[in-house]
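Just so it is clear: chains get the letters A, B, ... in the order the sequence lines come, proteins before strands, and each one is counted from 1. These numbers come from a predicted model, not from an experiment.
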Amino acid sequence: MTISSRGLERAWELYQDRLPYARMMASQGKKIIGYFCCYTPVELMTALDLVPYRIGGRTDEPVKEADAYLETCVCSYVRSAFDMAICGEYDFLHGLVVPHTCDAMWRILNIWKLHKPLDYTYFIEVPHMVGPSSCHFLEQELKLFKNSLEQLVGRKITDEALRDAIDTHNRARALLQEIYQYRKADPPLISGTEIARVLAAGRGIPVEEFNELLLQVIHDIRTRESESRRKKPRVLIYGGEVDDPAIIELIEECGAAVVMDDLCTGSRSFWEPVNLKENAMESLAAHYVEDIRCPRTFRPGKPEERFLYLLDFARDFNVQGIILYLYRFCDGHALEAPGLKAYLNRKGFPVLHLEEEYTLLTKGQLRTRFQAFIETLG
Amino acid sequence: MADNTDRKKENRTQSARNVRPLVESMYLRAHQARERGQKVAYCMVMSQYDEILAAMDIVPVWTENYGGLCAALGTAQPFLEKAEAEGYSNLICGYARTGLGFDILRAENGEAPQTPDGGMPMPDMLLGSSIGCDTRFKWYQALGHYMDVPIYCIDVIVPPVTRNLYEIKDFYVKYQAEQLRGLVEFLEKTTGCQLDPDRLMSIIHRAEEARHWWWEAQQLCRAIPAPMTARDHFNIFVPHHFMIGEEATLDFYKELYQELKDRVDSGIGVVDNERYRLLFAGGLPPWHSMGIFSYFGSLGAVFPAQLAYPPPDPFIIPDNINDPIELMALRSFERFTYRWEQAHRGCGDFWVQHILELVPEFNIDGLVMHGVMSCRATSMGQIYYQNAVQKYAKLKTLFIGSDIVDIRTYSEAQTKIQIDTFLETVETYKSNK
Ligand code: SF4
Ligand code: SF4
């Protein structure tokens, strides 16, 4: 750790204390609303002073109780998150919002409700296709979601409040973009592990607070004492809800610099801002239909066109190797991976394709795989 | 394939026996159509577009069916292995792995594998959808890496059960219609032919008539003894799912109805001594080992109903809709929400609601669910269904675990032990009823 790292330290603390911190906010009267995936329009919650809390799991503990309620064919991220709920770790939640993003998301809400009733729940039907009719459909869906949140809180979202909320979230997106730019240097000015911790901290606090944290982090990076740091192989990590910074840390311990990601918990959730036009709800819907590059959304065109953005990432961040870090039983990513791997290989990028459990109880084998791959990158 | 268990005990319907030749002719016709230059499309079941294809003379090849067929005939293994060697996880849908393996072999060898049923003809287009599972559009996207044909996918949208139907109906139906119209536009461009709305309308009417007879036939299965074996249930859905709109399909369901009616009128059952009436209430059948249902039968257990491929719920075509696409979109909404209001008022889940309706109607004594390791869509929630049902009916559930295609995860001996134990608990339930 360098001497000027107040923001980074704060991020790490916030991440580690995310559950007590959320409990504290709840005890102070804040309504904390849990949500899954990048497809939940958090702006609507922010506009009503609700605190959106991205549901995570625990990679450092085995699933304890959830096995009795969830089939083994469900991805272990969802199993772990649900296990935390069953064990009471999410009792601070006032509500839960689930968008229909994958098959697991489609089913989890009813299961959760049966075993852990909540005051408020909402399921958003998100189109799997893009295009004007999908945007229009989601706009209608989001209007109903907005109504339901308004009923929960007992007041309306004014256009001004919504625009403010979108601006505030866009600010977070822009600040994160700025931080990511510091990864382009070689060696990067901020490590992948540090960024993962910042992102993780942001998933459990109000966005205004997150923006302050991001400004502090940017300040930290700019005023860091320069260290004579060794250049390392530059790696991009691709996958789903890889929410524990420990994975990135492990890759970096194995000798690489993680300089870019395409993860649900990373760039995928913030890379594009909401393009705020006259009609705020329409802008929001268009953003959630079109802008998020997740395999759960089908995009027409030649099959490989859907990977172009990733090629841009790899080139812009001067990446030498790519790790596809996928969870077992995640169909969207599993069906994407072989085509993606072949494509990236053809473009000259070595690829390590892993299919893992969400829990990280034994790191030995994973460490060996990472090390072997990183060694080949020179 | 493990399909020789206690066959002699079965009293199968002629209708179900007629299905296999129909399937053979379906693949043969698809090959012939391809040779004639007619357009062939790979398709996904339940995508709500079936009648459009029929009206445009596009020959559908149902790739999930091919997966099931390969499993039932024991020919899936090389395809599964090929897909896995290519990097596809052994946890993804067994049908998708079979189909991908098949087409990767075609791409590598320059010709398609010939078995079973001559293989699937090379398609001119891949038509996916988002109905029911992620695989139904991701599979074709993946396949696009091995064949240079256009891919088109549509959303098929299922309303969440918690919603007020009156509030959402208009925009759900509108979106569905827009998705179907987008598909028609794509098909017209790809085939160079125009959709004839009158022809489509008449195909829809014929299809609905077939659905009506299937539904009526299913109602006959309320009879004690049950007139149709489980394996027959898992066969007779085939003409509907893969040949809808054809005259032969309509005839098939009329004949099925008549055959079951004759059986019911004469008191002919599936087994000599029917003791237990079970509902196949979750998952898809283990196509690799369908003989296991005969084992149930040999112990006096029958399946009067199943939820893997139930007949579509009744839908009356309104006379005030002239646009067939509008009608199809409305029909899709009405069918998907058929028991939403009851579910909304009661148990809160449409699947559980369906089980709760069938239990008294078909005199059900126990539930059987097949946890399919490679299918989240039909397997996630089975424990929940069992738990939710308990609030209303103290039925026991047998959970069998394997796959739809991949036999490597299945143990027949163990499954039989599970069945024996389960039927003992059903016996207790019945005597306490
Ligand atoms: S990891 Fe995959 S299967 Fe699990 S919730 Fe995320 S997208 Fe769905
Ligand atoms: S429902 Fe299951 S078996 Fe059918 S295509 Fe989807 S994943 Fe495969």
Side-chain angles (χ1 to χ4, degrees), chain A residues 68-75 78 100-104 106-111 113-115 121-125 127-129 131-134 136-137 139-141 144 147 295-296 298-304 306 326 328-339 341-343 353 355, chain B residues 83 86-89 91-93 96 100 128-130 132-135 137-139 141-146 148 151-155 157-164 167-168 170-172 174-175 178-179 181-182 348-349 352 371-377 379-384 387-388 401:
Chain A
Y69 309 104
L70 265 187
E71 292 73 19
T72 45
C73 69
V74 177
C75 82
V78 168
H100 181 179
T101 45
C102 66
D103 291 343
W106 198 26
R107 295 294 154 80
I108 191 63
L109 184 55
N110 271 7
I111 299 173
K113 272 160 59 178
L114 181 70
H115 300 293
T121 54
Y122 203 86
F123 183 84
I124 307 170
E125 187 57 50
H128 281 85
M129 306 298 144
S133 66
S134 303
H136 185 71
F137 173 81
E139 188 186 339
Q140 307 308 310
E141 274 289 286
L144 293 178
N147 289 347
R296 61 76 63 197
F298 178 87
R299 286 165 204 279
K302 289 275 175 201
E304 292 187 343
R306 71 187 193 279
L326 310 183
R328 284 159 57 79
F329 303 106
C330 174
D331 297 316
H333 285 95
L335 278 154
E336 195 85 328
K341 181 175 185 225
Y343 172 76
H353 172 187
E355 195 180 49
Chain B
E86 188 72 9
Y88 290 96
S89 164
L91 302 171
I92 60 168
C93 169
L100 282 161
S129 83
S130 65
C133 73
D134 303 331
T135 307
F137 60 95
K138 294 304 294 180
W139 172 353
Q141 209 174 25
L143 194 48
H145 295 289
Y146 307 94
D148 187 19
I151 308 169
Y152 196 90
C153 293
I154 60 166
D155 254 325
I157 217 94
V158 181
V161 80
T162 43
R163 295 302 179 70
N164 175 342
E167 205 172 49
I168 63 170
D170 285 353
F171 78 89
Y172 269 69
K174 180 168 179 267
Y175 183 48
E178 283 165 343
Q179 289 291 297
R181 282 199 190 96
D349 182 88
V352 175
V372 179
M373 210 47 178
S374 72
C375 175
R376 253 61 58 212
S379 300
M380 182 175 179
Q382 291 185 358
I383 303 173
Y384 160 75
N387 291 335

Partners passing salt bridge (Lys or Arg N to Asp or Glu O under 4.0 Å) against R376(B) (at least two apart in sequence or in another chain) | D331(A)

Salt bridge (Lys or Arg N to Asp or Glu O under 4.0 Å) partners for E167(B), two or more places apart = none

L143(B) versus chain A, heavy atoms under 4.5 Å apart: side chain, backbone, both or neither?
-> neither

Please flag which part of T162(B) lies under 4.5 Å from any non-hydrogen atom of chain A: side chain, backbone, both or neither.
-> side chain

Taking the side chain as every heavy atom from C-beta outward, state whether [X] and [Y] have any atom pair closer than 4.5 Å.
X       : Y       : answer
I157(B) : E141(A) : no
L91(B)  : E355(A) : yes
D134(B) : H128(A) : yes
S89(B)  : R328(A) : no

Among C75(A), G339(A), G131(A), residue most engaged with chain B (heavy-atom pairs, under 4.5 Å) = G339(A)

Between L335(A), T72(A), D103(A), V74(A), which shows the greatest number of heavy-atom pairs under 4.5 Å with chain B?
-> D103(A)

Closest contact, heavy atoms only, [X] versus [Y]:
X       : Y       : result
F123(A) : P160(B) : CD2-CG, 3.6 Å
A334(A) : Y88(B)  : O-CD2, 4.2 Å
F298(A) : C153(B) : CE1-SG, 3.5 Å

Applying side-chain contact (heavy atoms from CB on, under 4.5 Å) between Y384(B) and each of I111(A), L70(A), I108(A), report the one that passes.
-> I111(A)

Go through [options] and name the one with the most non-hydrogen pairs under 4.5 angstrom from chain A.
options                            : value
V158(B), V372(B), I168(B)          : V158(B)
P159(B), G348(B), S129(B), C133(B) : C133(B)
G371(B), A142(B), S130(B), S374(B) : S130(B)

Ignoring hydrogens and geometry, is there a side-chain-to-backbone donor-acceptor pair from [X] to [Y] under 3.5 Å?
X       : Y       : value
E86(B)  : P338(A) : no
K138(B) : P295(A) : yes
E71(A)  : I383(B) : yes
D155(B) : M129(A) : yes

Nearest 0.5 Å, what's the [atom1]-[atom2] distance between [X] and [Y]?
X       : Y       : atom1 : atom2 : answer
R163(B) : E125(A) : CZ    : CD    : 8.0 Å
D148(B) : K302(A) : CG    : NZ    : 4.0 Å
N164(B) : L144(A) : CG    : CG    : 9.0 Å
K174(B) : S133(A) : NZ    : OG    : 8.0 Å
L114(A) : D349(B) : CG    : CG    : 9.5 Å
M380(B) : F329(A) : CE    : CZ    : 12.5 Å

Structural part of [X] lying under 4.5 Å from a heavy atom of chain B:
X       : result
A104(A) : both
S134(A) : both
Y343(A) : neither
R306(A) : side chain
K113(A) : side chain
A68(A)  : backbone
P127(A) : both
H115(A) : side chain
R296(A) : backbone

Using the six-membered ring wherever Trp is involved, compare the ring planes of F137(A) and Y175(B) and label them parallel, tilted or perpendicular (cut-offs 30° and 60°).
-> parallel

